[in-house]
Amino acid sequence: MGQLTLRTRDGVRYFLDRKLKEEGFLVVFTTRLGGISQGSYATLNLSFKVGDEEERVIRNRSKLFDILNLPLQQLTCAEQVHGDRVFLVTKELAGRGAFSQESSISGTDAMITRETNLPLAMFYADCLPVILISSSQRIVAIVHAGWKGTYAEVSAKTLRQMRRQVRDNLEDLAVYFGPSIRGCCYQVDGELFGQFRKKFPLHSRSCFLERGSSYFLDLEQINRESLKIQGVEKTRMASLGYCTACHNDLYFSFRKSRRETGRQAGVVCIL
Ligand SMILES: [Zn+2]
């Protein structure tokens with residue numbers, strides 16, 4: 001694994017691991033910049049689900065996929081229901097959700113594939129994107145983890161399903177965390193905060209922050225420590241580090257916008 005670096009092509013700004021691309025795997029996290037959507041969806045909204053005009057979303061997706069040199073007709077998306085179901089995407093399912101929300105894989109928040117040229121994408125505004133890759137085993141996964149998915153340990157479940165797929169041979173696993181709302185901004189009520197602390201007693205204090213009588217969660221840190229407990233080493237996890245609410249100029253943030261907004265994407269593909 002290498003490093004996520006910012007690239008700008010035709011106005012589209014996104015983060016990419018160049019070294020990994022040379023090894024035949026694409027990991028990308030988009031920003032909100034470079035698309036044609038208007039208003040609260042300005043500009044690179046990539047989700048059909050949020051009330052933006054469908055045609056604009058398709059044009060945004062086309063532009064991004066042209067830049068990345070990926071086949072849009074093969075793009076596979078999930079419904080994203082804040083659950084913990086992990087789905088293995090096989091060749092026959094390629095293209096589900098590429099051009100409409102209705103055709104996306106229903107009831108799913110994590111997808112795994114071993115297929116080449118089958119890009120998987122999920123869409124986010126504050127929830128945490130997690131991408132997992134084993135280059136030796138040629139298996140990749142993408143996860144959507146908001147507080148519900150994080151509480152249900154969807155990223156650890158995805159890792160366990162990947163291990164099952166490759167008979168436990170995942171030594172070179174690399175994990176990438178995209179932009180999400182962090183402990184600086186993600187305020188929750190005391191009850192939810194207490195539930196999290198109870199659920200994850202071994203997690204460090206950096207996951208659950210108290211400031212005065214206010215409570216905050218750091219979704220990335222919680223997922224990071226859950227994966228660490230599953231045996232993933234610290235050196236095999238890379239993070240963009242951005243808080244979506246702090247960087248609302250660069251990212252869509254549901255909390256920050258206080259209304260419907262667009263969604264950036266995480267994309268993973270075996271080339
Ligand atoms: Zn913040």
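Whatever order the structure lists ligands and atoms in, that order sets their numbers, starting from 1. Please read these numbers as outputs of a predicted model, since none were measured by experiment. Below, each value reflects all heavy atoms present in this structure, side chains not excepted, and no hydrogens, waters or symmetry copies.
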- Message: A cation-pi test, strictly: NZ or CZ of K199 under 6.0 Å from the centre of the six-membered ring of Y151 and no more than 45 degrees from its axis. Yes or no?
- Response: yes
- Query: Under 6.0 Å from the CZ atom of R211, do we count more than 12 heavy atoms belonging to anything else shown?
  - Reply: yes
- Keeping the roles fixed (side chain from T43, backbone from R32), state whether a donor-acceptor pair exists under 3.5 Å. yes
- With a 3.5 Å cut-off and no angle check, do the side chains of R13 and T8 form a donor-acceptor pair? yes
- Item | Listed protein N/O/S atoms, distance to the Zn ion (ligand 1) under 2.8 Å | C184 SG, C185 SG, C243 SG, C246 SG
- All ring pair (Phe, Tyr, Trp, His ring centres under 6.0 Å) counterparts of Y14, not counting sequence neighbours: none
- Determine whether the side chains of T90 and E115 contain a donor N or O and an acceptor N or O closer than 3.5 Å. no
